[in-house]
Structures are given as structure tokens and as C-alpha cells.
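See below for the structure under consideration.
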Amino acid sequence: MSEKQIKAIRGFNDLLSPMARRWSQAEQILQEILENWRYQEIRLPIMEKTELFCRGIGENTDIVGKEMYTFADKSDESVTLRPEGTAGVVRAYVENKLYNELAPQRVWYRGPMFRYERPQKGRYRQFHQLGVEVFGETEATIDAETIALGYTMLVELGIAAGVTIEINNIGCPQCRPGYRQALVAFLNARRKHLCENCVERIEKNPLRVLDCKNPECQAQVASAPTIDEHRCESCAAHYGALQIYLDAYGVPYQRNPFMVRGLDYYVGTAFEFTTSLLGSQNAIGGGGRYDGLVEDLGGPATAAVGFAFGMERVMLLVEHFDSLQADLSLDFYIGYTENTFTLQGLQALRALRALGKTCELDTRQRSVKNIFKRGDRLGARHVVLIGGDEAAGNFFTVKELATGEQRQVPLAELAKLP
């Protein structure tokens, strides 16, 4: 191997065909669903001011503390490659005064995100998310809508059978402090049995201890106090309504009092889409309410809820179930035996493509035998041959490879072939 060869950065991956084709199919399916549900696309910059994520996500989160791609630009301003989508959507919502529009505002986004983590299956340093956000609605009906939307996406992708939907209500600023106090006391009594990361989280972000994947930590928190014992009347009512509405949508779900979200802005409803089919990286998506984030980032007090899917993990499930087929079929392979027949080849190519046929024109001059042989190797339905007789007679020889049937066809008749 040449020393001059340059490889991709670790954790930044190429997406090649046919998998790239499957991604396109999946994205098209999801976009059609979002449009049917009346969600409007928003396209965000990949890079934002670092302050946005520090204020929005939280200084004490792993993302801000350990994982962000942050650097000073040429004007010495600290900027960051976006590690998630919600903070950027909220910034755009506030900056463009979308709160003056008719509520609720339903938006969706997609694109690459960046986190400096140890690369592993389904978890990369450049990864892709597709997410939705709804602004201006406090009722549990909209929480149920977002979860039902996610479930519908999984069904249409053919992977819902491999996914469990877990829901929780993690409390509000009124009831969470009491739960936090009880949880911190419980965790402090077990500090010596927790991993180093969880010990750090006890004071900074104790709810994150409940989400640790370390088996010993999981065993310790199995008997921890739950938010179920501390919810205020309002949060309990909202949580109960959410379940009624999910039942009405026909969405299967499981209550999980230990399910939390890793970002500081979440409050009230929280949910995750999980799977047991991808090893330790079991979450393929999640979200919840973040009613205070718009105000924290300079806008008016605005209720909000949303979620995002990690597309790499979604596509691993698509691959597992083989639920989308990468359609790379070739309707017509066109070959000619001499360079002087190039114009006839281009004529055929143009006519067929104008009718939506998939075509490939071989610009190398091959023998008749090799033209048919190559068309067969490419999996073409038809081979179009242009040789001396065809050029002189102003027709094409067309062979249907499945049946072996061969006929002479004028240009006007090409498009009528099945």
C-alpha cells in the first residue's frame, strides 16, 4: 500500500452503494410520512457558537464536557460542530421569531452530527439524525402524537417488530428536587460500588446514573427510589393522559420509571425507542419535553416536545430485517461495436431516459458477444445492440435476457418495450 494513501478519519465513514441506496429509500419514506403529518422541514447549519450547546444541552452533560468538536475560528470565536439537533432548532425558532407564527409549530430536520466518542457499531464520530420538534403546545396529546409519529416511521420501514417504546415522566421543577434529593442520598450510600463516571454524576446530574450501561451500576440502581413516588399532581395527570392517548393511537409502550434522557433540558415526558438486536447500543432514538429551553435561549416561555432517531442504528435494523431492497435494476444496457455508432447509442439513451427507464450506455466498442455478456453480468432486462446492420437499417437489436427473445426495433418502438 502506498504511503501517500489518505484514509478516512476514524469514526467518519463512507456510505457506499447499495447501502447508500437503502438510506435514500428510508429517507424518502420518512419524508413522505412527515409531510403527511404536516411537519415542515428546517435545514440547520452544521456549526454553531459553542455557547448554544453549553447553555442548551448543559455544562454537566457528557456531550458538553467530553464529546464536542470545539475550536476557535479565525476570528478567535469558539465554535462547535453540532452534537445534536434540538438546540439548533430552538436557536432558529427564537432568532427567526417563529413564535409569532400560528401554534403549534411542527418542524423536522435531518443531517450529520458530531461527537468525539469511541467508535463502535452504530456509534460513530460523524453520525446522522432525523428529528422532529413541536413548539407551542402543552397538552399530552402532542406528546402522544410525536411518539405515534416515531412508531409509524418504524412500521413503514418494516422494523417496528424489533423496537420497544419506553416512556416515563421525569418530573418538573416543582417535583423533581424532592426526587433528586432522595436519589442522591441513595447513590451516596453506594458510591464505592459505582463506576467513576457515575460517582461524578451524583452531584452534577444524578438522573444519568440510572442510564449507565455498566452492569454493576445497573445492579446498584435496581432498587433506587423512582420518580413515580415523587411526581406532583400535574405531572401525574399529564403522564396518565399520555398513556390514554397512546392507547388511542394504538402505539405499544412500556412504562420505565428508570428511563431518563441524557440532556439537561428535558422535563416531564421522556421516551426512548430501544432494541435488543444491536448489542449494548440499544437506543435507536428518543426524546421528550423541554418546556424551558426556548426561554433559556432568549425566546418567550414556550412549551416544546420532540425526538430524534439515530439513522445509523435505524439502518442497522433495516439491514437486520432486510426490510428495504436496494433497487439497482437496469432496464436497458446499450452497446455498440464501432465508434461511428456513438450517436445512435446516445439517441437510444436519451429516448429511454426521457421515459424514466434506467439505462447504461457502454462507450467502449465491444464485440457482439461481449456486449450481450456484459449486459447479462450487469443484470439488465434488455440489451440494446448497435452494429453495422443496425446503423445501416436505422433500427436496434434488442434482446430480453430473461427469455432470450431477440427482435429488431426502430427507435420509436424502444419505449414500448415492457
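Position 1 is the first residue of the sequence, and the numbers go up from there. Bear in mind that the values here come from a model prediction, so they are computed numbers and not experimental data.
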Working to the nearest 0.5 Å, report the span between [atom1] of [X] and [atom2] of [Y].
X	Y	atom1	atom2	value
T70	M47	OG1	CE	11.0 Å
T146	R106	OG1	CZ	10.0 Å
Q220	C212	CD	SG	11.0 Å
D228	C235	CG	SG	11.5 Å
T363	L346	OG1	CG	9.5 Å

Is it the case that [X] and [Y] place a side-chain donor and acceptor less than 3.5 Å from each other?
X	Y	result
Y245	E145	no
T80	E48	no
D331	T358	yes
Q408	T397	no
Q325	D322	yes
E35	Q31	yes
Y253	D247	yes
Y265	D296	no

Exercise. Assign the ring pair W37 / Y249 to parallel, tilted or perpendicular, where the plane angle (0 to 90°) is split at 30° and 60°.
Key: parallel
Exercise. Classify the angle between the aromatic ring planes of Y69 and Y116 as parallel (below 30°), tilted (30 to 60°) or perpendicular (above 60°).
Key: perpendicular
Keeping [X] on the side-chain end and [Y] on the backbone end, is there a donor-acceptor pair under 3.5 Å?
X	Y	answer
E117	P119	no
Q129	G131	no
E203	E200	no
Q28	Q25	no
D14	L16	no
S24	A20	yes
R381	F332	no
D376	F372	no
N96	A92	yes
N168	A270	no

Practice problem: Would you please test R82 and E84 for salt bridge (Lys or Arg N to Asp or Glu O under 4.0 Å) and show each step? | Solution: CA-CA 6 Å; R82 61 187 185 192; E84 57 94 52; over 6 Å; no
Quiz item: Given the rule in the side-chain contact (heavy atoms from CB on, under 4.5 Å) test, do L149 and L34 qualify, once you have shown the distances and angles that lead to the verdict?
Solution: CA-CA 8 Å; L149 173 57; L34 287 159; 3.9 Å; yes
Quiz item: Is the number of heavy atoms from other residues, nucleotides or ligands within 6.0 Å of NZ (K213) greater than 12?
Solution: yes
Quiz item: Hey, is CG on N394 packed in by over 12 heavy atoms from elsewhere, all under 6.0 Å?
Solution: no
Self-check item: Contact summary for C195 and C217, nearest pair of heavy atoms
Solution: N-SG, 3.2 Å
Heavy-atom side-chain contact between [X] and [Y] under 4.5 Å:
X	Y	value
F127	R115	yes
E133	T86	yes
L330	Y333	yes
E312	I284	no

Quiz item: Which pairs with one or both residues in residues 277-291 pass salt bridge (charged side-chain N to carboxylate O under 4.0 Å, His left out), sequence neighbours excluded?
Solution: D143-R289, R289-D291
Practice problem: Report yes if the distance between the aromatic ring centroids of F135 and Y99 is under 6.0 Å, otherwise no. | Solution: no
